[in-house]
Amino acid sequence: MKTLTKLCSAVSFAAVTGFAAPVLAADTYMIDPAHAWVQFSTNHVGWANARGTFNAVSGEIEFDKEDVTKSSVNVVIEAASIDTNLEARDDHLRSPDFLNAEEFPTIEFVSTSIEKTGDRTGLITGDMTLVGVTKPVVLDVVWNSESPLPWNDAKIKTGFSATGSIDSKEFGITKMEGFGLGPVINLMIDIEALKQ
Amino acid sequence: MLLTLALTTVAIPLVLGVFLACGVQFTSAKAALLALFASVLILVVYYLLEGVPPFPPISSKHKLAYLLILIGVVGFGFGAMKNAPKTLIALVVGLVALGWIAQRKIASDPFQPELFLALLPVLGLTGNTALRAELRQDLFLWPIMTLALAIAGAIVSVLGGYIGLAQMLGACAALTGGYLALTYLRVAVLGKAVDAGKAAALNWVLLASVSIILLSIAVFASKLSSLAFVLLCLLYAIPFVAARFAGRMNWKAPIATGGYAVVPALAAIATAWLTAA
């Protein structure tokens, strides 16, 4: 009788804590740094859009295909990896006038909510931390496709494209205007991630 | 854009410097008040170039604004109290500034070479604060040194990849230049009598402010030439090598002091230029 009571208690505990629930639907994906492009553009004195990219991107995606609102994204970008095709300009962009890469080595995005807007589209709202300031940012995301690697069926890769924009002033990057830049920075993101 | 740059970096600070000289020349304001006034003018310059910093500060640039306020308070104290342990206080202010500005770098590795480089302005400021009274109270020795540090420091900083604080130094140079120009004209050329002692505290505020900016540049300018920065810091020796000009109120003495300042300043600029090329 005691054994039966213990068994019932264990089952109840498991049910309450979720141990007895089916396997979680979300899959874990790691961003492939070699196939991740975080690019940006910003107005330069009205003449053109200055463009650049970050070469060091990593992170993790919990992707729930059954209910995408239960998914989550965590992206880390190394600020010093900025590349605008001119070393002297990159040095200045790494300085405390802009990215302040020595004091704040990483730019981070952590999703806080996801809204499904279509079969393969959604809006990801998250907290972006840039130069030590955290502000909410919304990204318009498209899930492009998912398939095995052509040379290895065991490895599954998925890919997303996203766009969004931030206001540099909100992050305290006040020098942008002084150099005829911004203040709005447009983001163009393409990321491939490997299923774990 | 260029007009705004010329206004905020040169024209307005230059006029503010003339105001400061007027405060010394034409008012009966005490040394402590003049030191505070100098500090307020430097904060105006900071505001023009960097805006209002958040509180609490987030980055080293924001911290710089609060350190400039601290320097104003210390300068006020120096003007008000004759027997304060000024050298010790200057050393503590310098070390506190270095520790706070470079907080994150020190936390990651306290033995990075740029941190030792940043000690030079701290030692330069401390050494100058320890000078004998007749040198500290000279109307031209510290301002000429400050002007040379700010001009050469601005160029070294631009070439070292930190344009924002180079602008700040450029504006400090304009402020010190405006102050020095009117002082030189009235005292050294026209021979008007001024109580030199009442300018000592404000001259310290100008020197300390420029020193803290230089310290910050040493820590964060990514392509800074170490040799150029060392040569730049030789300028802190100007009051020692030009000591014989102290107290001489003639038109030649400040120019001779400036002549001494030109040598390390040009050497620092040339070295930074060659390193960047």
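Letters A, B, ... are given to chains in the order of the sequence lines, protein chains preceding strands, and every chain is numbered from 1.
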Practice problem: Please report the C-alpha distance between B:K61 and B:E50 in whole Å, then the side-chain angles of each, then the deciding distance to 0.1 Å, and finally whether the salt bridge (Lys or Arg N to Asp or Glu O under 4.0 Å) criterion is met. | Solution: CA-CA 8 Å; B:K61 254 194 191 180; B:E50 299 290 338; 3.2 Å; yes
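Considering A:L187, A:L130, A:I124, A:V76 as possible partners of A:F109, the one that fulfils the side chain to side chain contact (heavy atoms under 4.5 Å, CB included) test is A:I124.
Proximity to chain B is absent for every atom of A:F98, based on heavy atoms less than 4.5 angstrom apart.
Between chain A and the residues B:A276, B:P54, B:G164, the most heavy-atom pairs under 4.5 angstrom are made by B:G164. For chain A, the option among B:P53, B:S60, B:G51 with the highest count of heavy-atom pairs below 4.5 Å is B:S60.
Classification of the A:F160-A:F63 ring pair by plane angle, with boundaries at 30° and 60°, yields perpendicular.
Between the side chains of A:N100 and A:E103, at least one donor-acceptor pair of N or O atoms lies under 3.5 Å.
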